[in-house]
Amino acid sequence: MTLTSLVLRSMKKNVKHYYLYFFALIFSVTLCFSFVTIQYNPSVIEALEASGTATAGFESITYVLYFILIFFILYANQIFMKRRSKEIGLYQLIGMTKGFVFRLLLIENVVLFSLAAGIGMVLGFVASRFFAMILMKLMKNDAIVSLSFSMMAFSKSLIIFALLLAVVMIQIFIMIRKASLLSLFNAEKKADERVKKFSPFHMMMGIVGICLIAYGYYDSTRLFSVEGATTNNLLVNMLLILGSSILGTYLFFRYSVALIMNLIRKSKKGYLKITDVLGVTTIMHRMKGNASSLTLITVLTGLAVGIMTLSYISYYSSEADAKRLSPFDYILFDNKGIEFLNQLEAEGIEYEKTTFHLSMVNVKMSDLFNLDEKDAGYININQDAISPVVPLSDYKAINPEARLNDGETIITSYVDILSELLPLESGKKIRIHAGEKNYSLFIKDVREDEFFLSVLASASSPVLIVTDELFDEIQKNQNPEISTQIGINLVNEKDHEKAETLYKNLRERKIIEYDYQKTYKEYYDGNIALNGMTIFVTGFLGMAFLLTTGSILYFKQMGEAEDERESYTILRKIGFSNGELMRGIYVKQLFNFGMPLMIGLLHSYFAVKSGWWLFGSEMVTPMIIIILFYVSMYMVFGILSVFYYKKIVKEAL
Amino acid sequence: MTKMSFTIFYLSRESNDWKKRNVYNVGNESIQGVDEMAVLVARKIRKTYGKRTLKQEVIKGIDLEVHEGEFVGIMGPSGSGKTTLLNVLCSIDFPTEGIVEINGKPLKKMKERDLAKFRREHLGFIFQEYNLLDTLTVKENILLPLSISKVPKKVAEKRLAMLVEYLGIADILNKYPNEISGGQKQRTSAARALIAEPSIVFADEPTGALDSKAATALLANLENINKERGATIMMVTHDPVAASFCSRVLFLKDGQIYTELYKGDKTRQAFFQDILNTQKVLGGDGYDIN
């Protein structure tokens, strides 16, 4: 019998051992190939170019994807090899050399990889169109995606796969080199060491773990506060938070869980319910071996949910952000390009027009924010901030209820990165000056969510509303760059296309004040295209994380189920029914899948909460949507593993 | 290798069900139960494995009764059907034909869930491979069968104290199975088998994995519990020394009961000789005598 025929024969007989590993391989190829193919899809390239979004994001994410997949395959291979260690031991027992066994496994892996590459590429090719369609949909691009095969994508994926094969073979080589015959025969048994006694050290570490996580969370809430950001270096602080949460998570799984479980069982004084036997005690004893993988899964879950939520926040806020940059469909300054209105009328397009007069004043920073010099750090509070002022009568178009007495002001349009860092308070006095003249104003109200000045007019500063008299006075002393803004909203949605052309025409002819002055729709389209691509890429990555972590958990649970088969036999023999055993297993599954998920979600919640406002204007809804989506996908793996256990328990007697 | 099963019948004090008589129909015959004191009754048991073309009959019609307080041994050469018989009697497997009744309750009619409950409350098990859960301490392992029962903690605590005293494992209660010796493990599993005060204890080759000293200690313990506490035990074994602790020994050959020996007033030594002689007659070939 030749080596090849031996390999093929043994593979045919062991199909059920292989399918898991094989599935992991196919899955990786599919993911990898479809992602690379998308980048070479002409419709996608066109759409990306049209919107001016770089493909660089795609490129860099591809490498992250490779990294995840390599890690995943190595993990799957490790589990696979452990299951087959007896077989490998047997080969050596009957006199095959390690080199021969290695060659045998090499042939086997080449066969597996080729098959997986074939199947995966076909699947990936089909999937790529589906993914490209999702991408287009996210970018709100109507172009039809054609199915196109790219030689580049093909060869690129092949190279990656060849590399992957090489890495796997190195792993196998090291495994065979290191393994003694005896250890091969016992590999399945020694999988997880048992906890024996709980020392005070364990207890301490358990508490330290929880404290570290709590510290990370606490620190994250003040990461972007002025005190936090100024007293320490931002980067150092971020690394500190990351480090303490990850280490805390590990210690939590490694020690705290076992500690808590042990306390529970101790409290039962020997009278364990069946759920305790299958849930509490097995979890406790397996924690030593499972801690690192559960930590990894937790961190990956946190990461995936975190980045997906942040990019979804951006995507979700695309419209609000565009509205902030250009609060009206079209904006004209200082009556330049006023022909636009005539043209609209000529075309019979109905519109509404709102005019604002504005000027600029200097505001003392130290008055605006409650900061003394020491706290403020890099913010020079002795500096003046320049703020636009708008007369009350104009402002009434936005807020008809507004009233002001002499010497009072309303601060509005103050939602931005700064408003999170430095909240403004009403009910105090500020000093402003325009030209040579100084005024003292009482802040009557701070209103955050109103926007009516274009970003070009306000420069993202908060806007002060003052009485008409004061405004006139200020205007006499100040000569601002922009003194009026006309906001134009179209009445009918259908007229947009025509109006857009008219506006762009004027802009090209340099009739409008600035040639970089964009319309609302341009801002919006730009946002959607960029954020659409971002959410697609991060979503893809998140899915890859989800599928790998879910699979790893599932593989692990399959292994545990096999290990515990004997216990199930004992329990069934001494008189516990199927249903009673399953109840304990539900508890265990709830823990194994639920715990990393819960903690991962908590991690991502705090991560997102600390800096979400850098990405958009709405946190809760996008976060809930992403979490619901993630949890429901994740649950599939939990259910799969419950089914697997069910089968094992049923067979146990 | 042959397995011997060792069955202990231990009459449940609460249950008087066994006094009722049941009548069954097997084939054309109607079978009548059962002698008043029988804890376990088996009638016309047959067990066939395999499909039509490759049928193999492992048990070929066995009738058997075990009475309260008996210590019954089952011996037989390899392949004589000892373990199959034990599995059928203890409800882990079902006979192809015939009836098994424990405490007057026919096992056949019970559903999986009821059967599990029945096993937990009325039967005890000791197996060759200790069969302890290694994630639980000795105490937790012993108390396992009580986990869903309504036995009050005080009563359980009392029984536990008594059993560990008998079995000499009082000082290892908080250890894990991987920290104790094989003999201690087997005594732990004996304690677990007895904690629910079952009507009968089944033991399959309980000394199989023990050295002779530990084996003798375990058997002496079981004998003690049988004599002093009236525990009913049924044990499968291939070891004539182990069998000599029993009050009655059944010999199986080719799926049928070949003969049975009673200890009566004989000494263990004399009974041991009898067992050896019977084995010789049976044809020592199939035996794997250690």
Side-chain angles (χ1 to χ4, degrees), chain A residues 189-198 258 261-262 264-290 560 563-584 588 646 649-653, chain B residues 86-87 90-94 110-127 129-149 151-154 156-157 160 164 173-179 189 192-193 195-196 198 201-202 204:
Chain A
K189 277 185 189 161
K190 70 166 185 191
D192 300 294
E193 288 176 64
R194 305 274 177 216
V195 177
K196 277 183 193 153
K197 289 279 177 280
F198 283 90
M261 297 290 173
N262 203 28
I264 294 176
R265 79 185 290 187
K266 279 263 167 72
S267 72
K268 309 245 166 169
K269 300 207 161 56
Y271 296 86
L272 298 179
K273 296 260 173 288
I274 184 79
T275 43
D276 304 325
V277 173
L278 292 176
V280 176
T281 62
T282 49
I283 291 168
M284 176 182 130
H285 283 284
R286 284 187 180 280
M287 238 39 237
K288 194 173 172 187
N290 283 354
E560 278 187 25
D563 288 350
E564 280 164 26
R565 191 192 282 269
E566 235 168 88
S567 305
Y568 304 146
T569 311
I570 300 171
L571 287 167
R572 294 222 24 212
K573 274 184 184 167
I574 62 176
F576 291 97
S577 69
N578 250 338
E580 282 156 351
L581 288 185
M582 283 315 291
R583 237 169 292 150
K588 191 174 137 183
K646 239 183 198 153
V649 170
K650 212 171 167 191
E651 288 169 358
L653 196 66
Chain B
L86 185 84
N87 284 343
C90 74
S91 82
I92 286 173
D93 204 350
F94 292 99
M110 281 191 247
K111 293 196 182 109
E112 200 266 345
R113 180 186 274 263
D114 301 327
L115 206 55
K117 188 165 180 263
F118 184 79
R119 276 206 291 275
R120 202 167 59 231
E121 289 172 359
H122 299 285
L123 310 181
F125 296 92
I126 308 171
F127 302 96
E129 299 291 337
Y130 322 116
N131 277 222
L132 299 176
L133 297 187
D134 44 10
T135 54
L136 304 185
T137 61
V138 166
K139 182 179 176 186
E140 286 164 347
N141 261 301
I142 296 174
L143 290 170
L144 201 54
L146 297 185
S147 86
I148 315 179
S149 75
V151 178
K153 269 193 189 170
K154 257 192 183 166
E157 209 63 46
L160 179 73
V164 297
L173 282 182
N174 288 319
K175 294 208 163 156
Y176 285 104
N178 59 359
E179 298 170 295
S189 74
R192 184 183 64 195
I195 191 80
V201 173
F202 295 94
D204 186 0

Part of B:A156 lying under 4.5 Å from any heavy atom of chain A
both
Taking A:R572 first and then B:E112, would you say they form a salt bridge - that is, a charged N and a carboxylate O separated by under 4.0 Å?
yes
Interface residue of largest heavy-atom contact number with chain B, from A:R265, A:E580, A:K273, under 4.5 Å
A:R265
Is it the case that over 12 heavy atoms from other parts of the model lie below 6.0 angstrom from the NZ atom of B:K153?
yes
Looking at B:R192, B:R120, B:K139, which makes the most heavy-atom pairs under 4.5 Å with chain A?
B:R120
When the 4.5 angstrom heavy-atom criterion is applied to A:D276 and chain B, the contacting part is neither
Where does B:L132 contact chain A at under 4.5 Å (heavy atoms): side chain, backbone, both or neither?
backbone
Tell me if the CZ atom of B:R113 is crowded by more than 12 foreign heavy atoms within 6.0 Å.
no
Contact origin within B:L123 toward chain A - heavy atom pairs under 4.5 Å:
neither
B:F127 versus chain A, the contacting section by heavy-atom distance below 4.5 Å:
side chain
Checked B:T137, B:V138, B:D93, B:L143 vs chain A; the most non-hydrogen pairs under 4.5 Å come from B:L143
Find the one option among A:I274, A:I574, A:V277, A:T281 whose heavy-atom pairs under 4.5 Å with chain B are most numerous.
A:I574
Hey, mind stepping through A:L571 and B:L133 against side chain to side chain contact (heavy atoms under 4.5 Å, CB included) and telling me if it holds?
CA-CA 9 Å; A:L571 287 167; B:L133 297 187; 4.0 Å; yes
From CG (A:L272) to CG (B:L146), nearest 0.5 Å:
11.5 Å
Assess whether side chain to side chain contact (heavy atoms under 4.5 Å, CB included) is satisfied between B:D204 and A:K573, documenting all intermediate values.
CA-CA 12 Å; B:D204 186 0; A:K573 274 184 184 167; over 6 Å; no
